[in-house]
Amino acid sequence: GENVEQHPSTLSVQEGDSAVIKCTYSDSASNYFPWYKQELGKGPQLIIDIRSNVGEKKDQRIAVTLNKTAKHFSLHITETQPEDSAVYFCAASENEKLTFGTGTRLTIIP
Amino acid sequence: DTAVSQTPKYLVTQMGNDKSIKCEQNLGHDTMYWYKQDSKKFLKIMFSYNNKELIINETVPNRFSPKSPDKAHLNLHINSLELGDSAVYFCASSQRTQTQYFGPGTRLLVL
């Protein structure tokens with residue numbers, strides 16, 4: 001089955017700086033890669049996703065890149081703000097089954 | 001309008017009891033899921049239903065039984081609760097292989 005590794009497990013960045021979270025996956029058949037943000041006491045919320053026919057996708061301060069050959073994808077958050085503090089999860093799937101990474105706790109330092 | 005809702009939000013119960021968690025989605029999606037998030041925040045799929053039909057059934061003890069009365073509802077019944085069942089349980093829904101939308105979670109504590 002699919003295995004997704006996520007790094008780092010914790011990340012602290014100064015407000016205004018950029019944050020990068022990286023994930024690798026094992027199943028070359030995976031073709032959908034979402035990123036979720038989970039705030040304290042809430043359910044995961046999709047922030048951006050990418051499919052395997054695209055190498056990069058951007059939505060305002062958030063971008064995701066995908067390298068199918070190397071089987072890794074990354075989340076980039078620019079101009080970080082205090083409200084970006086949360087746990088971020090990457091995931092990979094071929095069909096309905098999402099396999100999640102272990103999460104990154106991002107803390108933005110004011 | 002709430003897209004994916006779960007009840008109850010908190011559930012505290014004794015070992016050995018039987019309990020149910022309910023999930024409803026008003027997005028018109030045809031696929032619904034149950035996930036378990038443990039104390040280390042690891043999210044793992046348990047079950048998936050498409051149009052009331054079970055399509056994903058991970059290695060979950062048979063004390064856990066999902067029930068889908070219609071495609072907008074997916075309930076989770078747990079028999080003979082154990083201490084290790086303490087976790088946050090999330091319901092999610094999607095339109096086939098599209099984006100999954102998560103509910104707010106049910107925090108289960110078994111004493």
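Quantities reported herein were computed from a predicted structural model and do not represent experimental measurements. Naming: A, B, ... by sequence-line order, numbering from 1 per chain.
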When heavy-atom pairs shorter than 4.5 Å are enumerated against chain B, which of A91(A), G101(A), G103(A), G41(A) gives the highest number?
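With the most close heavy-atom pairs to chain B, the winner is G41(A).
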
If contact means a heavy atom pair closer than 4.5 Å, which residues of residues 30-48 of chain B contact chain A?
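Near chain A, by residue number: T31(B), Y33(B), Y35(B), Q37(B), K41(B), F42(B), L43(B), I45(B).
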
For residues T13(B) and N17(B), report the shortest heavy-atom separation together with the two atoms involved.
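Looking at all heavy atoms of both residues, the shortest contact is OG1-ND2, 2.9 Å.
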
With a 4.0 Å cut-off on N to O distance, would you call E39(A) and K37(A) a salt bridge?
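Yes, this pair counts.
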
Centroid-centroid under 6.0 Å between F64(B) and H77(B) rings
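Ring centroids of F64(B) and H77(B) are no less than 6.0 Å from each other.
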
Could you look at [X] and say if it's the side chain, the backbone, both or neither that has a heavy atom under 4.5 Å from chain B?
| X | result |
| --- | --- |
| P44(A) | both |
| K42(A) | backbone |
| L98(A) | both |
| Q45(A) | neither |

Whether F100(A) and Y36(A) hold their rings parallel, tilted or perpendicular, with breakpoints at 30° and 60°
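Taking Y36(A) first and then F100(A), their aromatic rings sit tilted (interplane angle of 30° to 60°).
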
Are T104(A) and Q6(A) close enough that a side-chain donor and a side-chain acceptor fall under 3.5 Å?
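Yes, Q6(A) and T104(A) have a side-chain donor paired with an acceptor closer than 3.5 Å.
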
Under 4.5 Å from any heavy atom of chain A, what part of Q6(B) do you find: side chain, backbone, both or neither?
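For Q6(B), neither part sits under 4.5 Å from chain A.
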
Whether the side chain of R61(A) engages the backbone of T78(A) through a donor-acceptor N/O pair (distance < 3.5 Å, no angle test) should be reported.
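Looks like yes, one N/O pair under 3.5 Å.
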
Only counting residues at least two apart or in another chain, list the ones meeting salt bridge (charged side-chain N to carboxylate O under 4.0 Å, His left out) with R63(B).
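Applying salt bridge (charged side-chain N to carboxylate O under 4.0 Å, His left out) to R63(B) gives E82(B), D85(B).
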
Between V12(B) and L108(B), does a side-chain contact (heavy atoms from CB on, under 4.5 Å) hold up when you go through it step by step?
CA-CA 6 Å; V12(B) 182; L108(B) 172 65; over 6 Å; no

Any non-hydrogen side-chain atom of F33(A) less than 4.5 Å from a side-chain atom of D49(A)?
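A side-chain contact is absent here, since even the closest heavy-atom pair is not under 4.5 Å.
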
